[in-house]
Amino acid sequence: MSNDQDRWTAVDHYFTELLAPADEALDAALADSTAAGLPEIAVAPNQGKLLNLLVHAQGARNVLEIGTLGGYSTIWLARALPADGRLISLEYSPVHADVARANLARAGLDKTVEVRTGAALDTLPLLAEEGAGPFDFVFIDADKVNNPHYVSWALKLSRPGTLIVVDNVVRGGKVATAHPDDPAITGTRAMFDLVSREPRLDATAFQTVGTKGHDGLLIARVLA
């Protein structure tokens, strides 16, 4: 681990201990995800707390998450909802979805959150057909190849004022230049191109460093 990474990690731990302290449900969600063989790519605790604060600030009642993994970020999001709020989370892997459902049930959120299994590009049109939107907040953290498609669907399922957050948009700094052999970077750059041309979105992006290395977020607001 580089000296920079050591320093970033130490600062993240300092912030987390003071501002996003661990609790049983979140710790168990990470532990059970690891035990089930899920990749250790959940958001960092301070990033989870950021999502929680954004949902609170938005006054969101209806949240969509694309990419559940083991439900760690889902717990952070769902805890910010009012008693009558709801969250729909889309997960490709049935194994991941089962782990997430168990983690959410232990956190007391199984009545608030519905985890739907299948390719998101198949389930998103079903949400539209059902009239599940509009969503007040959308968090996108799935396969990066389809990021432009996910943002397009998020826009379709949104309302004026909806916030759309996309994770892992910096790719260790590689996003700034084309990498034709890396589909994740190609998809992320296509997403940025879409957002920059879309008149209904007002957006920014920023870099982060920490336990997850060098990465970042895009935050977009849907305009009238």
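Numbers here simply count residues along the sequence, with the first being 1. Note that the coordinates shown come from a computational prediction; the quantities given were computed from them, not determined experimentally.
- The closest donor-acceptor contact from the side chain of T9 to the backbone of D6 lies at 3.5 Å or more, if one exists at all.
- V138 has its side chain out of reach of V166: every pair of non-hydrogen atoms, C-beta onward, lies at least 4.5 Å apart.
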Identify every side-chain donor-acceptor pair in residues 42-49 under 3.5 Å, counting partners at least two apart or on other chains, and give the distances.
residue : atom : partner : partner atom : Å
N46     : ND2  : D12     : OD1          : 2.9
Q47     : OE1  : A44     : N            : 2.9
K49     : NZ   : L19     : O            : 2.7

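- The pair D215-K212 does not meet the salt-bridge criterion, since no charged nitrogen lies less than 4.0 angstrom from a carboxylate oxygen.
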- Message: Applying side chain to side chain donor-acceptor pair (under 3.5 Å) to N52 and R79, what does each step give before you reach the verdict?
- Response: CA-CA 7 Å; N52 180 277; R79 282 180 170 177; over 6 Å; no
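- Between the side chain of N103 and the backbone N or O of L30 there is no donor-acceptor pair closer than 3.5 Å.
- Hydrophobic clustering, with ILVMFWY side chains joined whenever heavy atoms are under 4.5 angstrom apart, groups V113 together with F139.
- Under the 3.5 Å distance criterion, the side-chain polar atoms of R189 are matched with a main-chain donor or acceptor of V175.
- Atom CZ of F192 has more than 12 neighbouring heavy atoms from other residues, nucleotides or ligands inside a 6.0 Å radius.
- Between N147 atom CG and I185 atom CD1 the span is 12.0 Å, to the nearest 0.5 Å.
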- Item | Audit row: D136, V63, side chain to side chain contact (heavy atoms under 4.5 Å, CB included) steps and yes/no | CA-CA 6 Å; D136 307 308; V63 172; 5.8 Å; no
- Check against side chain to side chain donor-acceptor pair (under 3.5 Å), S89 and E114: CA-CA 6 Å; S89 190; E114 177 187 0; over 6 Å; no
- Message: If you apply the rule side chain to side chain contact (heavy atoms under 4.5 Å, CB included), what do you find for L77 with F137, and how did you get there?
- Response: CA-CA 10 Å; L77 291 164; F137 188 95; 3.8 Å; yes
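- Between H13 and T16, the closest side-chain pair of non-hydrogen atoms is not below 4.5 Å.
- Residue K144 is tested with N168, T188, D167 for a side chain to side chain donor-acceptor pair (under 3.5 Å); the sole match is N168.
- Cluster annotation: L194 is connected to W153 through the hydrophobic network of ILVMFWY side chains, with a link wherever side-chain heavy atoms come within less than 4.5 Å.
- D84 has a carboxylate O that lies under 4.0 Å from a charged side-chain N of R61, or vice versa, which qualifies the two as a salt bridge.
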Can I get a per-line list of side-chain donor-acceptor pairs under 3.5 Å for residues 93-101, giving both atom names and the distance, sequence neighbours left out?
residue : atom : partner : partner atom : Å
S93     : OG   : V95     : N            : 3.2
S93     : OG   : H96     : N            : 3.2
H96     : ND1  : E91     : OE2          : 3.4
D98     : OD1  : R101    : NH1          : 3.1
R101    : NH2  : V115    : O            : 2.9
R101    : NH2  : T117    : OG1          : 3.0

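- In terms of heavy-atom proximity, A78 sits nearest to L109 at CB-CD1, 3.9 Å.
- Minimum heavy-atom separation, A25 to A107: CB-CB, 3.9 Å.
- Other residues, nucleotides and ligands place more than 12 heavy atoms under 6.0 Å from the CZ atom of R106.
- Looking at heavy atoms from C-beta onward, L90 lies in side-chain contact with L124 at the 4.5 angstrom threshold.
- Cluster annotation: L51 and F206 are assigned to the same hydrophobic cluster (Ile/Leu/Val/Met/Phe/Trp/Tyr, side-chain heavy-atom contacts under 4.5 Å, transitive).
- Residues I88 and E65 form no side-chain contact, since every pair of their non-hydrogen atoms from C-beta on lies 4.5 Å or further apart.
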- Output, in order, the C-alpha distance, side-chain angles, deciding distance and verdict of side chain to side chain donor-acceptor pair (under 3.5 Å) for D143 and Y150. CA-CA 10 Å; D143 61 297; Y150 296 149; 2.4 Å; yes
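- Counting only heavy atoms from C-beta outward, the side chains of W8 and T211 never approach each other to under 4.5 Å.
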- Starting from the C-alpha separation in whole Å, work towards a yes-or-no answer on side chain to side chain contact (heavy atoms under 4.5 Å, CB included) for T162 and L157. CA-CA 9 Å; T162 292; L157 292 165; over 6 Å; no
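- In this structure, L81 and R86 have side chains that are not in contact, with every pair of non-hydrogen atoms separated by 4.5 Å or more.
- Of all the heavy atoms in G67 and A142, the pair that sits closest is CA-CB, 4.1 Å.
- When the shell of 6.0 Å around CZ of R200 is examined, it contains 12 or fewer heavy atoms from other residues, nucleotides or ligands.
- A distance-only check finds no donor-acceptor pair linking the side chain of N146 to the backbone of H149 [under 3.5 Å].
- At a threshold of 4.5 Å between non-hydrogen side-chain atoms, the residues V151 and I140 count as touching.
- Look at R116 and E130 and you find a salt bridge, because one of the NZ, NE, NH1 or NH2 atoms lies within 4.0 Å of a carboxylate O, short of that distance.
- Closest non-hydrogen pair, R171 versus A184, comes out as NH2-CB, 3.8 Å.
- For the pair I164 and S158, the minimum side-chain heavy-atom distance is below 4.5 Å.
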